[in-house]
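Order of listing sets the numbers, starting from 1, for every ligand and every atom in it.
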Amino acid sequence: MLTIYSDDHHLHHGKFELIDGQLTPCFEKPSRADMVLARAQKVNLGGVAAPREFGLEPILRVHDSGFVHFLKGAWAEWQAMGRDYDMLPFTWPNRRLRQTIPDCIDGKFGYYSFDAGVPITAGTWQAVSSSVNVALTGQAELAKGARGVFSLCRPPGHHAAADYMGGYCYFNNAAIAAQACLDQGAARVAILDVDYHHGNGTQDIFYDRADVLFTSIHGDPRFEYPFFLGYADEKGVGVGEGFNFNYPLAAGSDWSVWSLALAAACRQIAAYGPDVLIVSLGVDTFKEDPISQFKLDSPDYLRMGETIGKLGLQTLFVMEGGYAVEEIGINAINVLQGFDS
Ligand code: Q9C
Ligand code: ZN
């Protein structure tokens, strides 16, 4: 399987995030993607190609134009305030607050985010733009006929909605790739989100649509981030009703439990009959993951890939989370090797 990868992700390296009441070095760091790339090369997964440039047009098919331009100009605005350390938001338009876009950078950042897990640095715009190009280049390879392609995206994307970022995610790489498939003539795209966290951004983007089926297996939001979306009764709305399926699981879930949810999700995907499958591939379900509470082991990822492969669909794998850096390469590439087997 071909891997699409750009070194530009190194340009995004936030310093701190707020965890358990403490400013902690960011878990979402460049070594994550470096380790996945190293493993793909070590096992000869199937070559590595650089992304092509797609510009803003495919991003604007999914994201709000005000949001995109805020992100593009944010660092310059921050610097104009005489600030040269990482940007972080700290106030959000909660219930009964005005949904208004203030003039100042701190107000705008709050408006266009839902948590403080999204540091913006000097290189963030270049990194997030390249991450989208990595996803779109993978989609283009799929359109040319590949059975499976791996877009080694970093930063990840599935927590980002049309007009807000959060949870280490800025642009929703998987959603942008799905929309590109539709814009090139696909009738239906299925998304399978196997990251430990619910893909709230992806769900929100396609919630009122029938042309994208969204399925997600994740830590139950009653106890796990993102807390405010990802419950089993979220089925879609309007013409989108019946095209959204969440599988929230208890803390401590291992493969015996997780694989039942995967089987159920695969049945939904097969019944939908999509032209293309996009997998939001997070491996933070791993038993040693520092911020997660599932118990998958490295060989389980081979079985995960095999099960996905049995759907017999053209499949784009888009990298999302996974914070056990030592094993992230083995686990992510195991999914792809299982798929190819
Ligand atoms: N104390 C992805 O995996 N922070 N994002 C949790 C818990 C947010 C994860 C803090 C985790 C976001 C792409
Ligand atoms: Zn995650």
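Screening H10, E320, H12, H9 against R154 for a side chain to side chain donor-acceptor pair (under 3.5 Å) leaves a single residue, H9.
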Between ligand 1 and the protein, which N/O pairs fall short of 3.5 Å?
unit_1, atom_1, unit_2, atom_2, d
ligand 1, 3 (O), H197, ND1, 3.2
ligand 1, 3 (O), D284, OD2, 3.1
ligand 1, 3 (O), Y323, OH, 2.6
ligand 1, 5 (N), H159, NE2, 3.2
ligand 1, 5 (N), G167, O, 3.1
ligand 1, 5 (N), Y323, OH, 3.4

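Nearest N/O/S atom of D195 with respect to the Zn ion (ligand 2) is recorded as OD1. Among heteroatoms of the N, O or S kind in D284, OD2 lies nearest the Zn ion (ligand 2). Distances from the Zn ion (ligand 2) to the N/O/S atoms of H197 are shortest for ND1.
The aromatic ring centroids of F171 and W125 lie less than 6.0 Å from each other. Residues F243 and Y272 bring their aromatic ring centres within 6.0 Å.
Within a 6.0 Å sphere centred on NZ of K235, heavy atoms belonging to other residues, nucleotides or ligands number more than 12. Remark: Y85 OH is packed, more than 12 non-hydrogen atoms of other residues, nucleotides or ligands lying under 6.0 Å away. Within 6.0 Å of CZ on R222 lie no more than 12 heavy atoms contributed by other residues, nucleotides or ligands.
We find that E141 and K144 are joined by a salt bridge, their nearest charged nitrogen and carboxylate oxygen being less than 4.0 Å apart.
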